[in-house]
There are 2 protein chains.
Amino acid sequence: MAPFYVPTSLDERVLRPETLSPNIIKAEYGVRGEIYLEAQKMVNAGKEVVFMNVGNPHALGQKALTFPRQVMALCQAPFLLDDPNVGKLFPRDAIARARQLLKMTGIGGVGAYSDSRGVPGVRQEVARFIEHRDGFPSDPEHIYLTDGASPAVKLALQLLIRGEHDGILVPIPQYPLYSATVQMLGGSLVPYLLDEKKGWGMNIDLLKESVLSARRKGIMVRGLVVINPGNPTGQCLERGDLEDIIKFCIKERVALLADEVYQVNVYQSKHPFVSFKKVLCEMGAPYSRSLELFSFHTVSKGFTGECGQRGGYVEFTNIHPEVLEQCYKIVSVSLSPNVTGQLMVGMMCNPPQPGDPSYKQYAAESKEVLESLGRKARALSEGFNKFKNMQCNEVEGALYAFAKLQLPPGAIAAAKKAGKAPDAFYCLELLKATGMSATPGSGFGQEDGTFHFRTTILPEEDIVPGLLKKVERFNDEFMTKYSTMQSRM
Amino acid sequence: MAPFYVPTSLDERVLRPETLSPNIIKAEYGVRGEIYLEAQKMVNAGKEVVFMNVGNPHALGQKALTFPRQVMALCQAPFLLDDPNVGKLFPRDAIARARQLLKMTGIGGVGAYSDSRGVPGVRQEVARFIEHRDGFPSDPEHIYLTDGASPAVKLALQLLIRGEHDGILVPIPQYPLYSATVQMLGGSLVPYLLDEKKGWGMNIDLLKESVLSARRKGIMVRGLVVINPGNPTGQCLERGDLEDIIKFCIKERVALLADEVYQVNVYQSKHPFVSFKKVLCEMGAPYSRSLELFSFHTVSKGFTGECGQRGGYVEFTNIHPEVLEQCYKIVSVSLSPNVTGQLMVGMMCNPPQPGDPSYKQYAAESKEVLESLGRKARALSEGFNKFKNMQCNEVEGALYAFAKLQLPPGAIAAAKKAGKAPDAFYCLELLKATGMSATPGSGFGQEDGTFHFRTTILPEEDIVPGLLKKVERFNDEFMTKYSTMQSRM
């Protein structure tokens, strides 16, 4: 080949920031943004950091439930089932469950691609779980297993978004998976505010306003995201809210994305979790045959907290059969979700029953996880409420405390000088002073002029009091420093 | 809320085929298309089917290697490491490796999200593997672990495609992951023909023609996909081809996607596998500092065949640092690839060494898998070459035989009548008559007027002769039937 000019400088690259899709550049994902990267640096520098920015329970010491892990071990190494010593390490029901799951996967076990929608036997276990939870039928053919809930959410949004004129209603504050995915798909975010004064409750009138203002901009609203229990806000919606939301969606011709991954993480009794599917079925015809509903669940949260296993599912309700066929095609391109994650979903939906050798331990382990989470939820929200210029709604559910900051003008000015959002500035200082890695409210969106931060409720219980003391000391100094600065201005 | 009209009929749905993005409808994925669905129906009807449509080794009886599975079992159930009986079920080095991997993952083990790019320690193992393979440095910071290779391919294409005016050069025939993903991302496919007469070799002149004709249509070609060893075509490229391809990419300002997932699946010695990265490094400056290269690998193929574990990686070479930052952001939205799949990648890259207790067994197991694949590759291609109107190039590598069909006009007419592509028609008849589920060439793309089918070389060795006999009988009858029909026309 004849010699030719060979470009080697960066600005001659095919791929440069300015040659990427603006949708990529536009997308924001604060949960693993600047604060997280700074925290990583501190860890590499040998400093101690408590990562409270991501709901990653095992990373903060939560133990895996024993039974599912015993079964997974046997599914990974099925030859152990024929070992005369297997009974010395594994209980009878774990061995039986492993045999049963390996029958479901067929000869390939966890080493073979499953059907792209997931192992049929596991999809049946999920359907039975939903039927038992809601008291209404669930069809395994309308359940897809996925690598955690995130790909399921992306799948639903991919169906709803054709371009910038398609809008998705997303709560403010929200879990940034939604904003980032909508942006990457080139759609339009249509934010609606949750009402902090009403414990982060839904306000249907605010929803309607958002839809109208979007339509005035020529945006067709096609989907509504509801996270219940709330992330980052921790509220549990009341049954009446769910009915109003369902009616709103049907009336406005909007599909509903029900993020119910925290359905087990409920720490009070006045607002128990109830699924959208259940309320929809109880509302009966014609509603029950109308709402296009995507419901998401996962093994990453609850009391399993198995984030690294990447197991989740979506249940489709009232989705057009030909659209489901398109879904099947889309997931086929990725061949299959990871099989071990699928089996974890199956065990979450079909745990040991009373009388099984592992039942007592399973029940005790899961009870302890949930009770400890409840205690930590209270400790953190009550703690934060005692601190200067800080207010935190009750953590009714999910894995997060979302605290409001009354930042003095001096702090806001200092943040501006540093080129940071005021609450990002606060979280960065907080991280440096206490080693606590929180996420600023600006990473989730918040009402203009308000500032927040989110922390998980996951650190081990015995370190929580010390952590709170550190935060209180830092917060006092921070607020005092910038108030006095302010008064000196 | 006041009563209102509740739409319940399908054609009032928000989501209908006609309200989805045309990019979704357009996307095609033949590997799990009509034939696969028909095969599923036959299985459900109790008929026997040999699934030779997908490269899914364990599903056809290939055994998992023992060592990695022992280690995975211990990583799933780390409490076994403290059990006095653990030595009765697990060898010393599996126990040691499990401890080492769990040190890499940190306290969360396989139950916690890892860094979104993958566990740092595993990324180092991958880098050392590449350095050992190529004899040139590899930087763990430029390696991302993914849920199999597919998401890594999607990531690269997402960077390259902004819209319909961005084109990706894709071989014909090709693995439809590429066509489907390019279509879903709304980009333009720019096909280039592989030369069947030259054993499916690359022809740089054909590449250039494709680029020119694309540019005439106003399409900016930004990426080139090369699959080596080839899927579905099974050829192994010569070193000279790789140099020409690299020079072509640099000259034409095109990034290279090197699909090298079959790098271990090579069944002859005249065309050994050599990586694009190695050739690029050996070409030296300025080339080595210019080509923007994405290299993909996975645990799904090779002799591990661990498709269900979903473990893979991409190595970035000469990718703009700010583009890498965007990659980090994109993968962060999905939080983390499944951790067990990551650890499988680590063990693939860092297997037992001579002297380790498990070395002999690991070496014997992997040798047997590869040798058996080689024998089956020869048996199938030689068999197909003996059949009427059938011709099959040597399977030099990968997991597939891709046979050419000389279909009589009568068959083409019958297919047309049935509304099917002629080779899809053939594969459907083949499936019904023999239970062999193959994939028509039309699912991969092929030169106009030619017809092919792809089968994996994966069925267990002892059933291959019987399978070939069945195929021969069916093929004879099919060809005779439609030739005589034809002569009667």
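Below, each value reflects all heavy atoms present in this structure, side chains not excepted, and no hydrogens, waters or symmetry copies. Here is how names work: the chains are called A, B, and so on, in the same order as the sequence lines, proteins then strands, and each is numbered from 1.
For B/Pro57, no part lies under 4.5 angstrom from a heavy atom of chain A. For B/Ala180, the part lying near chain A is the side chain, with the backbone staying farther off; criterion is any non-hydrogen pair under 4.5 Å. For A/Pro78, the part lying under 4.5 angstrom from a heavy atom of chain B is the side chain only. Neither the backbone nor the side chain of B/Leu185 comes within less than 4.5 Å of any heavy atom in chain A. Residue B/Asn23: no heavy atom, backbone or side chain, is found under 4.5 Å from chain A. For B/Phe90, the part lying under 4.5 angstrom from a heavy atom of chain A is the side chain only.
The candidate with the highest count of non-hydrogen atom pairs below 4.5 Å against chain A, out of B/Thr340, B/Asp83, B/Leu74, is B/Asp83. Top candidate by heavy-atom pairs under 4.5 Å with chain B, chosen from A/Leu160, A/Ile319, A/Asp166, is A/Leu160. When each of B/Ala59, B/Gly106, B/Ala285, B/Ala77 is scored by its heavy-atom pairs under 4.5 Å with chain A, the top score falls to B/Ala59. Per-residue heavy-atom pair counts under 4.5 Å with chain B were compared for A/Val339, A/Val333, A/Val86, A/Leu60, and the maximum is reached by A/Val333. Here B/Thr19 is the residue among B/Ile330, B/Thr19, B/Val153, B/Thr105 with the most heavy-atom pairs under 4.5 Å with chain A. Heavy-atom pairs under 4.5 Å with chain B were tallied for A/Gly305, A/Gly108, A/Ala73, A/Ala112; the largest tally goes to A/Ala112. Heavy-atom pairs under 4.5 Å with chain B peak, among A/Gln309, A/Met344, A/Glu292, A/Arg222, at A/Glu292. Between chain B and the residues A/Glu12, A/Lys88, A/Gln70, the most heavy-atom pairs under 4.5 angstrom are made by A/Lys88. The candidate from A/Lys154, A/Arg162, A/Gln62, A/Glu322 with the greatest count of non-hydrogen atom pairs under 4.5 Å with chain B is A/Arg162. Counting heavy-atom pairs closer than 4.5 Å to chain A, the top residue among B/Gln40, B/Arg16, B/Met220, B/Arg13 is B/Arg13. Contact count versus chain A (heavy atoms, under 4.5 Å) is highest, among B/Val71, B/Thr66, B/Leu177, B/Leu159, for B/Leu159.
In plain terms, the two heavy atoms of A/Ser150 and B/Leu335 that are nearest each other are OG-CD1, 4.4 Å. A pairwise comparison of heavy atoms in B/Arg310 and A/Asn338 identifies CG-CA, 3.3 Å as the closest pair.
One finds the SG atom of A/Cys327 at 8.0 Å from the CD1 atom of B/Ile24 (value rounded to the nearest 0.5 Å).
The shortest distance between side-chain heavy atoms of A/Pro151 and B/Asp147 does not fall below 4.5 Å. Between A/Met184 and B/Gln158, some side-chain heavy-atom pair lies under the 4.5 Å cut-off. Looking at A/Leu89 and B/Phe79, their side chains never come closer than 4.5 Å, going by heavy atoms from C-beta outward. A heavy-atom distance below 4.5 Å is not found between the side chains of A/Val14 and B/Val254. With contacts defined as side-chain heavy-atom distances shorter than 4.5 Å, the pair B/His320/A/Leu15 does not qualify.
Between the A/Arg69 side chain and the B/Gln76 main chain, a donor and an acceptor come within less than 3.5 Å of each other. Between the A/Gln326 side chain and the B/Pro17 main chain, no donor and acceptor come within less than 3.5 Å of each other. Side chain of B/Ser290 to backbone of A/Pro7: a donor-acceptor contact under 3.5 angstrom is found. A donor-acceptor pair under 3.5 Å is absent between the side-chain atoms of A/Lys251 and the main chain of B/Phe4, judged by distance alone. Under a 3.5 Å cut-off, the side chain of B/Asn56 and the backbone N or O of A/Tyr113 do form a donor-acceptor pair.
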Assess whether side-chain contact (heavy atoms from CB on, under 4.5 Å) is satisfied between B/Ile250 and A/Tyr5, documenting all intermediate values. CA-CA 9 Å; B/Ile250 293 171; A/Tyr5 170 69; over 6 Å; no
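Remark: B/Phe294 engages B/Phe316 in a ring pair (Phe, Tyr, Trp, His ring centres under 6.0 Å) (not counting sequence neighbours). For A/Thr304, the side chain to side chain contact (heavy atoms under 4.5 Å, CB included) partners two or more places apart in sequence, or in a different chain, are A/Leu65, A/Val299, A/Glu306.
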